[in-house]
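I have a structure I would like to understand better, so I am pasting it below and will then ask my questions one at a time.
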Amino acid sequence: MKAAFIKQTGPPENIIWGELPAPQPGPTHCLVKVGAVALNPVDTYIRGGMIQMPLPSPYVVGCDLAGTVVEVGPAVTQFQPGDRVWGSNQGLLGRQGTFAEFCAVDECWLYPTPQGVSDEEAAAIALVGITAHLGLVRDAQLQKGETILIQGGSGGVGSIVVQMAKATGARVIATAGSDKKAELCRQLGADFVIRYQTQNLEAELKKTAPAGVNVWWETLREPNFDLAVSSLAARGRMIVMAGREARPPFPVGPFYVKGCSLHGFLMFMATPEEQRDCAEDINRWLVEGTLKANIDRVMPLSQAAAAHRLQEESTIGKSGALSGKIVLKP
Ligand SMILES: NC(=O)c1ccc[n+]([C@@H]2O[C@H](COP(=O)([O-])OP(=O)(O)OC[C@H]3O[C@@H](n4cnc5c(N)ncnc54)[C@H](OP(=O)(O)O)[C@@H]3O)[C@@H](O)[C@H]2O)c1
């Protein structure tokens, strides 16, 4: 099969587009013919060696996938050949990745793709959808009528948090770096958009949420805790999920006297059961039309190296080139 893989970690150019033997499904695995994959910042960190974890050799890059089951192991109970599926959490903790024509995936990481949802959409919502759900539902427990601030409302994670928060009945404030991205945030359901480059976030928040925000969703890799904590309402919750190297100052006093809480998590450390709960809601919202994938562009899988370069420049280099997900097709 054709696959995008590395033999050693390093720059995007280390990704080889070449032939590898197709994987053999184990007892609890489904062999999936890949229809589409999506790229996440974590893919670039693993490929670049910024996150150290055991990697098979050669290592097929990528976490997300959607496609069709073509073969199942003898112990598989939930799927059969012909079923359309999506999933994430591959390419991590020693598992082989998804950027290939075929993937062998344990059925615990797969979910049925609803009718009417394309492989491109399902792949694009996989990791970011599960991340948004874990943070909003399990951790922040966002309630109808509450106010949430989402940093980077048009980004891969942010664009899904905006939609899920809106579906919960919250009042949604998002930040954006350009007019185009501000418009996208509004289309996704944001009630207010603050242009972080040209407006003063603190002052705008005081106007739009004078009593403070109930939830602050941080997607930045260097959170400004002074700003976030001063903008939180009493018993406010803050989500942090990026910036492994970040060591910003933290305003302990203002934080605890308001009874706030801070929640950090890594989606890929959530259990299969936790992730399945997320996937069930995601599927329901996709069918109802309350949730849509936010795809910036679709590229051939053979261009995986160029896609990695673009993602890295956008997320780490802050080039602003992307407004959502890069989807690739074999
Ligand atoms: N912990 C986990 O499980 C988990 C899961 C998924 C992702 N992550 C991490 O979360 C981060 C975001 O992921 P992603 O996929 O959403 O990345 P992304 O698509 O590149 O989005 C980054 C967002 O940051 C915004 N941004 C950049 N500079 C900003 C600033 N100064 N103020 C406000 N917003 C700013 C961008 O907004 P503009 O484009 O409008 O400038 C963009 O919306 C990454 O570091 C990723 O590794 C962690």
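Indexing begins at 1, ligand by ligand and atom by atom, following the structure's order.
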Using 4.0 Å as the upper bound for N to carboxylate O, is an ion pair formed by R247 and E222?
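Salt bridge between E222 and R247, a charged N being under 4.0 Å from a carboxylate O: no.
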Nearest protein heavy atom with distance in Å, relative to atom 19 (O) of ligand 1
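Scanning the protein heavy atoms, the shortest distance from atom 19 (O) of ligand 1 goes to G156 N, 2.8 Å.
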Below 4.0 angstrom from a heavy atom of T175, which ligand 1 atoms are there? Numbered from 1 as shown, please.
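Reading through ligand 1 atom by atom, the close ones are 33 (C), 34 (N).
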Ignoring angles and geometry beyond distance, decide whether Y196 reaches within less than 3.5 Å of ligand 1 through its nitrogen or oxygen atoms.
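It does: an N or O of Y196 is found under 3.5 Å from an N or O of ligand 1.
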Under 3.5 Å, N or O to N or O, is T315 touching ligand 1 that way?
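Between T315 and ligand 1 (N or O atoms, distance only) the closest approach is under 3.5 Å.
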So if I apply the side-chain hydrogen bond (donor to acceptor under 3.5 Å, both in side chains) rule between K325 and each of N40, D296, N294, which one comes out positive?
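Considering N40, D296, N294, a side-chain hydrogen bond (donor to acceptor under 3.5 Å, both in side chains) with K325 is found only for N40.
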Give yes or no for whether the N/O distance cutoff of 3.5 Å, strictly under, is met between F265 and ligand 1.
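N/O-N/O distance below 3.5 Å exists for this pair.
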Only heavy atoms count here, so choose which of N224, L266, T131, T219 is nearest to atom 12 (C) of ligand 1.
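Ranked by closest heavy atom to atom 12 (C) of ligand 1, first place is T219.
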D191 bridged to R186 by N-O distance under 4.0 Å:
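No, no charged N to carboxylate O under 4.0 Å.
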Compare all side-chain heavy atoms of P112 with those of N283 and state whether any distance is below 4.5 angstrom.
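The answer is yes, as the side chains (C-beta and beyond) meet within the 4.5 Å cut-off.
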Sub-6.0 Å ring centroid separation between Y59 and F5:
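For Y59 and F5, the ring centres are not under 6.0 Å apart.
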Please say whether S314 places an N or O atom under 3.5 Å from an N or O atom belonging to ligand 1.
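No: no nitrogen or oxygen of S314 is under 3.5 Å from one in ligand 1.
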Can you find an N or O of G153 that's nearer than 3.5 Å to an N or O of ligand 1?
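It does not: no N or O of G153 is found under 3.5 Å from an N or O of ligand 1.
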Could you name the option among I51, I316, L39, L220 that has the heavy atom nearest to atom 29 (C) of ligand 1?
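Among I51, I316, L39, L220, the closest heavy atom to atom 29 (C) of ligand 1 belongs to L220.
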Can you find an N or O of V42 that's nearer than 3.5 Å to an N or O of ligand 1?
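N/O-N/O distance under 3.5 Å: no.
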With atom 10 (O) of ligand 1 as the reference point, say which of E313, M241, Q311 has the nearest heavy atom.
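Shortest heavy-atom distance from atom 10 (O) of ligand 1: M241.
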Kindly state if atom 5 (C) of ligand 1 has a protein heavy atom within a strict 4.0 Å cut-off, that is, under 4.0 Å?
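Given the 4.0 Å limit, the answer for atom 5 (C) of ligand 1 is yes, a protein heavy atom qualifies.
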Could you check whether any heavy atom of L127 sits closer than 4.0 Å to an atom of ligand 1, since that is the contact criterion I want to use?
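The answer is yes, since L127 has a heavy atom less than 4.0 Å from ligand 1.
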If you take all heavy atoms of Q90 and A104, which pair is closest and at what distance?
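In terms of heavy atoms, the two residues are closest at OE1-O, 4.4 Å.
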Mind checking whether P41 has an N or O less than 3.5 Å away from an N or O of ligand 1?
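Checking ligand 1 against P41, no N or O pair falls under 3.5 Å apart.
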Check: G155 N/O within less than 3.5 Å of ligand 1 N/O
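Between G155 and ligand 1, an N or O pair is found under 3.5 Å apart.
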